[in-house]
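In each ligand, atom 1 is the first atom listed, and ligand 1 is the first ligand listed.
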Amino acid sequence: MSVAKNLESLKTSISAYPCLLVAVSKTKPVEAVQEAYEAGARDFGENKVQEMADKYEQLPKDIKWHMIGHLQRNKVKYIVPFVYMIHSVDSARLLKEIEKQAKKEDRVVNCLLQVHIAEEESKFGLSEEELFEILHGEMLAKATHVCIKGLMGMATFTDDEVQVRKEFKALKQLFEKVKADTQLPSQVDLQELSMGMSGDYQIALEEGSSMIRIGTSIFGERNYH
Ligand SMILES: *Cc1c(COP(=O)(O)O)cnc(C)c1O
């Protein structure tokens with residue numbers, strides 16, 4: 001199957017839902033991204049700073065680049081000049097660095113706060129308590145170059161649909177709780193709920209996702225060396 005055909009059938013399968021499809025092109029060559037671009041995709045997700053910066057250089061400038069992987073503070077400066085959204089903000093220190101670099105570039109960077117919803121220990125993300133600490137914290141209240149657009153989460157990697165649904169439901173509930181919070185600063189403009197990957201996007205959409213991040217179902221399996 002070609003990238004274009006995969007994209008087409010994916011779009012058909014999600015057409016009932018008002019969601020943004022982020023094509024996750026990590027590890028894939030620029031040619032594959034170009035093919036998806038020509039088939040209409042404009043939002044691409046990467047998890048490595050260097051790879052995203054290289055692809056940004058080589059590909060059309062109307063692409064919106066989404067950082068979806070764990071981000072180290074010392075690398076923030078390399079993507080802030082062009083990144084469209086950072087889905088993986090998982091600490092106040094990281095957010096502070098994004099603010100600092102965005103200020104230098106004179107731009108406002110869209111951020112999602114990544115929440116830990118999976119059973120697995122290994123996944124990054126904030127607890128509910130840490131999430132509200134950031135949302136109500138002094139640093140965000142003083143920030144002028146970041147906007148918190150929503151939340152992101154990854155479910156446990158399992159075939160157990162009940163488990164996955166439970167985790168997405170919990171994230172959606174937390175999203176609604178944050179939305180209903182009357183003490184939020186103006187730097188929070190909660191609109192997006194980024195959840196769902198190739199293996200679980202259908203459940204995520206049923207549970208209220210507004211952004212799905214799809215790699216394998218568009219570009220095929222990844223080869224890691
Ligand atoms: C790799 C990745 C995806 C896409 O995964 P697929 O299973 O290939 O669709 C989505 N989100 C994050 C955070 C990822 O790292």
Side-chain angles (χ1 to χ4, degrees), residues 1-14 17 19-29 32-33 35-36 39 41-53 55 63-72 75-76 79 83-91 94 110-126 149-161 163-165 167-168 171-172 175 192-225:
M1 282 278 269
S2 71
V3 166
K5 277 186 184 152
N6 289 345
L7 256 179
E8 210 46 54
S9 59
L10 190 59
K11 276 189 201 156
T12 307
S13 81
I14 65 173
Y17 297 93
C19 74
L20 178 74
L21 172 60
V22 178
V24 176
S25 47
K26 62 187 186 195
T27 80
K28 298 295 174 181
V33 182
E35 198 181 339
R42 290 296 179 272
D43 291 84
F44 290 89
E46 290 284 338
N47 69 343
K48 296 257 183 345
V49 165
Q50 187 64 54
E51 188 176 346
M52 182 190 262
K55 283 175 177 163
I63 287 179
K64 292 174 182 161
W65 292 100
H66 297 248
M67 174 48 68
I68 61 170
H70 184 65
L71 182 57
Q72 289 172 302
K75 294 189 177 166
V76 167
I79 60 166
V83 73
Y84 172 70
M85 185 175 274
I86 301 174
H87 292 227
S88 45
V89 178
D90 60 0
S91 74
L94 176 59
N110 299 315
C111 295
L112 305 182
L113 295 174
Q114 183 174 356
V115 179
H116 180 99
I117 55 169
E119 266 193 340
E120 295 139 311
E121 288 277 325
S122 62
K123 300 268 165 81
F124 294 103
L126 302 157
K149 287 286 180 190
L151 305 181
M152 186 272 248
M154 286 170 85
T156 303
F157 188 71
T158 172
D159 288 337
D160 184 354
E161 263 197 37
Q163 177 70 25
V164 170
R165 190 177 296 279
E167 292 169 2
F168 285 150
L171 185 56
K172 169 70 171 175
F175 179 76
E192 305 294 349
L193 184 53
S194 169
M195 58 184 198
M197 310 172 30
S198 292
D200 57 19
Y201 71 88
Q202 261 134 349
I203 303 172
L205 289 171
E206 285 163 19
E207 297 306 330
S209 170
S210 72
M211 280 184 157
I212 56 173
R213 311 175 308 271
I214 309 290
T216 310
S217 294
I218 297 172
F219 297 105
E221 295 289 338
R222 287 177 292 275
N223 294 314
Y224 289 103
H225 307 284

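The closest protein non-hydrogen atom to atom 13 (C) of ligand 1 is Ile68 O, 3.5 Å. For atom 9 (O) of ligand 1, the nearest protein heavy atom (residue, atom name, distance) is Ser198 OG, 2.5 Å. Nearest non-hydrogen protein atom to atom 5 (O) of ligand 1 is Met197 CE, 3.4 Å. Distance from atom 8 (O) of ligand 1 to its nearest protein heavy atom, with residue and atom name: Thr216 OG1, 2.6 Å.
Side chains of Glu192 and Ser210: a donor on one and an acceptor on the other come within 3.5 Å. A donor-acceptor pair shorter than 3.5 Å can be found between the side chains of Glu167 and Gln163.
Enclosure of atom NZ in Lys75 is not indicated, since only 12 or fewer non-hydrogen atoms of other residues, nucleotides or ligands lie within 6.0 angstrom. For CD of Glu161, the number of neighbouring non-hydrogen atoms (other residues, nucleotides, ligands) closer than 6.0 Å is 12 at most.
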Practice problem: Decide side chain to side chain donor-acceptor pair (under 3.5 Å) for Ser217 and Tyr201; before the verdict, give the C-alpha distance in whole Å, the side-chain angles of both, and the deciding distance to 0.1 Å. | Solution: CA-CA 10 Å; Ser217 294; Tyr201 71 88; 5.6 Å; no

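Inclusion of Met154 in the set of residues having an N or O under 3.5 Å from an N or O of ligand 1 is not warranted.
Counting atoms of ligand 1 from 1 in the listed order, those under 4.0 Å from a heavy atom of Ile214 are 9 (O). Set against the non-hydrogen atoms of Gly215, the atoms of ligand 1 under 4.0 Å away are 4 (C), 6 (P), 8 (O), 9 (O).
Using cut-offs of 30° and 60° on the angle between ring planes, the pair Phe124 and His70 is parallel.
Relative to atom 14 (C) of ligand 1, the option among Arg213, Arg222, Glu46, Lys26 with the closest non-hydrogen atom is Lys26.
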